[in-house]
Amino acid sequence: MDTVLGVLLLVVAGGTVAYWVDFFVRGTVHVVEEEWWIRFERAFPVADGFMAVTSLVAAVGLLSGDDYGVAFGLVAGGALVFLGLMDLTFNVQNGLFRLLPGSGQMWTELVIVVGSLAIGGLLVGYLAGRVG
């Protein structure tokens, strides 16, 4: 299971970097071009960076069998759940899920929310049992 989690965390870290490179360079991930949405998203790079770094460190630890992988995996899992809930709340409060039928960008957001909550919950649930 550590190998699966380690690979998932590498995907999370890489996907996070790819998202932000696109956001600032190409902008194809923008759900809308409204200033309120851009300002909200611009609040996330530091927190997402923290999550990506802890995910990368956890991945290395889990893949190499080092104990620090569990600790960093719990931190990364908590960060993923928190960030997923922030995105979910914002998207619900602002009616953005109504854009899903025709918006590839909103589908990307949905994958990010569901993935963050699922992977974060899996990490916390699995790794918490190893703290001791």
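In what follows, residues are counted from 1 in the order of the sequence shown.
Under the 4.5 Å side-chain heavy-atom criterion for ILVMFWY residues, a single connected hydrophobic cluster contains both L96 and L117. Cluster annotation: V7 and M1 are assigned to distinct hydrophobic clusters (Ile/Leu/Val/Met/Phe/Trp/Tyr, side-chain heavy-atom contacts under 4.5 Å, transitive). Tracing side-chain contacts under 4.5 Å through hydrophobic residues (I, L, V, M, F, W, Y), one reaches L123 starting from I112; they form part of the same cluster.
Every residue two or more places apart in sequence or in another chain that forms a side-chain contact (heavy atoms from CB on, under 4.5 Å) with L110 is listed here: F97, L100, W107, V114. Residues satisfying the ring-ring contact (aromatic ring centres under 6.0 Å, His included) test with Y126, not counting sequence neighbours, are none.
Residue pairs meeting the salt bridge (Lys or Arg N to Asp or Glu O under 4.0 Å) criterion with at least one partner in residues 108-129, sequence neighbours excluded, are absent.
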Do any side-chain atoms of residues 22-31 form donor-acceptor pairs under 3.5 angstrom with protein atoms, and if so which ones, sequence neighbours left out?
{"residue": "D22", "atom": "OD1", "partner": "T28", "partner atom": "N", "Å": "2.9"}
{"residue": "D22", "atom": "OD1", "partner": "T28", "partner atom": "OG1", "Å": "2.9"}
{"residue": "D22", "atom": "OD1", "partner": "V29", "partner atom": "N", "Å": "3.0"}
{"residue": "D22", "atom": "OD2", "partner": "T28", "partner atom": "OG1", "Å": "2.4"}
{"residue": "H30", "atom": "ND1", "partner": "E33", "partner atom": "OE1", "Å": "3.2"}
{"residue": "H30", "atom": "ND1", "partner": "E33", "partner atom": "OE2", "Å": "3.1"}
{"residue": "H30", "atom": "NE2", "partner": "F23", "partner atom": "O", "Å": "3.2"}

For residues 79-92, tabulate all N or O donor-acceptor pairs below 3.5 Å that involve a side-chain atom, not counting sequence neighbours.
{"residue": "T89", "atom": "OG1", "partner": "L85", "partner atom": "O", "Å": "2.8"}
{"residue": "N91", "atom": "ND2", "partner": "D87", "partner atom": "O", "Å": "3.0"}

What pairs of donor and acceptor atoms, side-chain ones from residues 59-75 against any protein atom, are under 3.5 angstrom apart with sequence neighbours left out?
{"residue": "S64", "atom": "OG", "partner": "V60", "partner atom": "O", "Å": "2.8"}
{"residue": "S64", "atom": "OG", "partner": "G61", "partner atom": "O", "Å": "3.3"}
{"residue": "S64", "atom": "OG", "partner": "D66", "partner atom": "OD2", "Å": "3.0"}

Name the atoms and distances for all side-chain donor-acceptor pairs under 3.5 Å in residues 37-50, with sequence neighbours left out.
{"residue": "E41", "atom": "OE1", "partner": "Y19", "partner atom": "OH", "Å": "3.3"}
{"residue": "D48", "atom": "OD2", "partner": "W20", "partner atom": "NE1", "Å": "2.8"}

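Think of V111 as one node in a network of Ile, Leu, Val, Met, Phe, Trp and Tyr side chains linked at under 4.5 Å; it has no links at all.
With rounding to the nearest 0.5 angstrom, the CG atom of L5 is 9.0 Å from the CD1 atom of I119.
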